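Here the structure is laid out as structure tokens; the discussion comes afterwards.
In what follows, every chain begins at residue 1, and chains take the letters A, B, ... in the order their sequences are listed. In this text the structure is predicted, and so the values were computed from the model without any measurement.
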Amino acid sequence: MLICLDIHIKLFHYTVMDVNEVEIDIQKLNKSFNSLHVLKDVDIEIRRAETTVIIGGSGTGKSVLLKHIMGLLQPDSGRIIIRGVDVTTINSHEAEKLRNRFAMVFQSSALLHSLTVAENVGLGLKEQHRLPKKQINEIAMEKLKLVKMEQKYNSMPEELSGGMKKRVAIARALAMDPEVVLYDEPTSGLDPIMAGNIDELILELKEKFKMTSVVVTHDMESAFYIGDHICMLYQGRIIEEGDPESFKQSENKIVKQFITRHGGAGI
Amino acid sequence: MVNPLEYIGRNSLNLFQLVGELIQLFIHTLYWCKQALRNLDKIFYFMVRMGVNTLPIASFTSLFVGMVMVLQTGYTLEKFGMAESLGAIVPIAMARELGPVLTALLLAGRIGAAITAEIGTMTVSEEVDALKTLGINPIGYLAMPRFLACLFMLPVLVVYADVVGILGGAVVTTAYFQIPVTIYFDRMAESLEVIDIIKGLVKAAVFGVTIAIVGCRYGLKTSGGAAGVGEATTRSVVCSFVSIYILNYFITRLWM
Ligand SMILES: Nc1ncnc2c1ncn2[C@@H]1O[C@H](COP(=O)(O)OP(=O)(O)OP(=O)(O)O)[C@@H](O)[C@H]1O
Ligand SMILES: [Mg+2]
């Protein structure tokens with residue numbers, strides 16, 4: 001019954017909001033930590049119901065960028081426009097409301113170490129105090145099945161491998177029934193088959209639920225497979241962006257090297 | 001060479017900022033107490049844990065403080081033939097001052113440090129950020145239950161410490177000064193007033209709040225990995241100690 005209602009609301013929602021509109025628009029974003037200038041005039045448009053992939057070397061600021069989108073870090077300058085509203089100019093309560101259907105998968109998974117796997121997945125729903133316990137458990141199990149972790153529902157995070165934690169973190173993000181999901185290296189630490197499963201999951205969520213995804217990854221194969229739009233971050237700047245095909249044709253030496261792992265300019 | 005004026009200036013600015021942050025966190029935590037009823041299980045869990053962790057050491061401390069206080073004051077009083085009034089001195093000192101302060105210091109070391117270490121670990125491992133992304137306010141989820149647990153548990157522990165200290169005093173009074181227990185307790189009944197006990201408990205509640213807020217503040221502000229957690233824990237305990245001494249002075253002053 002409730003699930004029907006949920007789907008109904010979703011359908012209604014998306015007939016109202018156009019697909020492929022700009023969901024998140026980042027303009028001239030700058031961020032420094034003390035003397036370290038991490039993000040330099042970053043511009044990105046993230047379109048609704050598309051998968052935007054962000055690639056780039058280690059330490060170039062990909063995680064920092066995702067945390068800005070999520071509101072966990074505040075920019076030094078620049079604008080972050082979510083559904084037409086510049087969140088850097090409104091108060092934190094309003095900004096939170098705009099982001100309430102955003103979810104994030106952390107690079108470190110960030111599971112709560114004192115809770116079991118199922119409790120972690122159901123945590124957000126439980127603290128909203130809207131659904132009965134039984135239903136929260138059902139949703140948690142359903143999401144765990146998506147990432148093939150249902151058998152470990154009663155384990156503690158410390159008993160899991162890195163890749164298993166990642167999958168639980170993905171289940172936890174999806175449990176909140178989000179419209180926008182930010183994935184920070186969702187497939188790092190996973191074997192190729194499991195990584196492929198996660199890729200399929202991201203595609204399926206886009207097709208079925210028109211979910212908007214932002215995926216940070218080092219896995220170029222996966223980037224070309226799931227990405228509708230790919231951006232490359234290099235030393236805090238976007239140096240190349242476009243759809244997978246145009247990206248493959250890029251003349252930029254650094255991009256070429258990143259894609260093929262070989263070929264000239266040192267990163 | 002650091003300019004001494006600059007040094008003093010910067011440190012007092014930091015101090016003001018710290019006090020401001022503590023007050024702000026206190027207000028936010030109070031606001032999140034609106035969800036206390038839903039979290040009774042968590043609050044209860046923390047209270048039990050605090051009790052179990054601190055009861056043995058708190059009893060031990062107040063027992064010996066009660067006993068040594070009788071030894072120290074007893075000999076002087078005996079010279080003037082006033083050893084009987086031990087029953088008037090020890091319980092009042094216990095209830096007004098030593099019970100609350102000693103218990104609070106113990107709790108700052110045990111519970112305050114644990115609060116900072118736990119929340120600090122969660123902060124550096126991005127668990128606190130993860131809470132935010134799930135729409136959960138870290139102050140409501142982490143600080144509020146610990147705050148209420150400290151607020152209610154510290155007075156309970158202080159009552160217990162008072163009783164143990166007074167009994168310790170009674171034992172030494174009869175053993176060394178040959179004063180019957182009944183006289184000790186008669187003197188106590190004559191001189192110890194309910195208001196003394198209540199004042200002690202109010203102090204205890206204030207200290208409990210202080211320990212929780214300081215512990216949470218340092219936990220939520222932790223950075224720099226495991227080493228950062230260690231550092232934050234030490235700072236948190238020092239800050240709790242100093243706050244307890246200062247608050248104790250001013251509360252006592254207020255009641256003079
Ligand atoms: N909270 C912080 N305080 C200080 N410096 C930070 C902080 N977070 C990130 N940095 C710095 O910002 C830079 C970018 O970090 P970020 O985590 O975004 O890299 P990344 O692109 O995600 O790398 P990786 O692919 O290795 O995850 C790094 O040099 C890092 O040291
Ligand atoms: Mg990263």
> Measuring heavy-atom distances to chain B, does A:L72 have an atom under 4.5 Å in its side chain, in its backbone, in both, or in neither?
Replying inline: side chain
>> Need one label for A:L111: side chain, backbone, both or neither, based on atoms under 4.5 Å from any heavy atom in chain B.
In response: backbone
Step through the atoms of chain B and chain A and list each donor-acceptor pair whose separation is under 3.5 Å.
residue : atom : partner : partner atom : Å
B:E126  : OE1  : A:S108  : OG           : 2.5
B:E126  : OE2  : A:K67   : NZ           : 2.5
B:E127  : OE1  : A:H113  : N            : 3.3
B:E127  : OE1  : A:H113  : ND1          : 3.2
B:E127  : OE2  : A:H113  : ND1          : 3.0

> Which bit of A:F106 is near chain B, if near means a heavy-atom gap under 4.5 Å: side chain, backbone, both or neither?
Replying inline: side chain
>> Can you pull out every salt bridge (charged side-chain N to carboxylate O under 4.0 Å, His left out) where at least one residue sits in residues 6-20 of chain B? Sequence neighbours excluded, please.
In response: B:E6-B:R10
> Between A:L115 and chain B, which part of the residue has a heavy atom less than 4.5 Å away: side chain, backbone, both or neither?
Replying inline: side chain
> Between A:L125 and B:L134, does a side chain to side chain contact (heavy atoms under 4.5 Å, CB included) hold up when you go through it step by step?
Replying inline: CA-CA 8 Å; A:L125 293 172; B:L134 294 171; over 6 Å; no
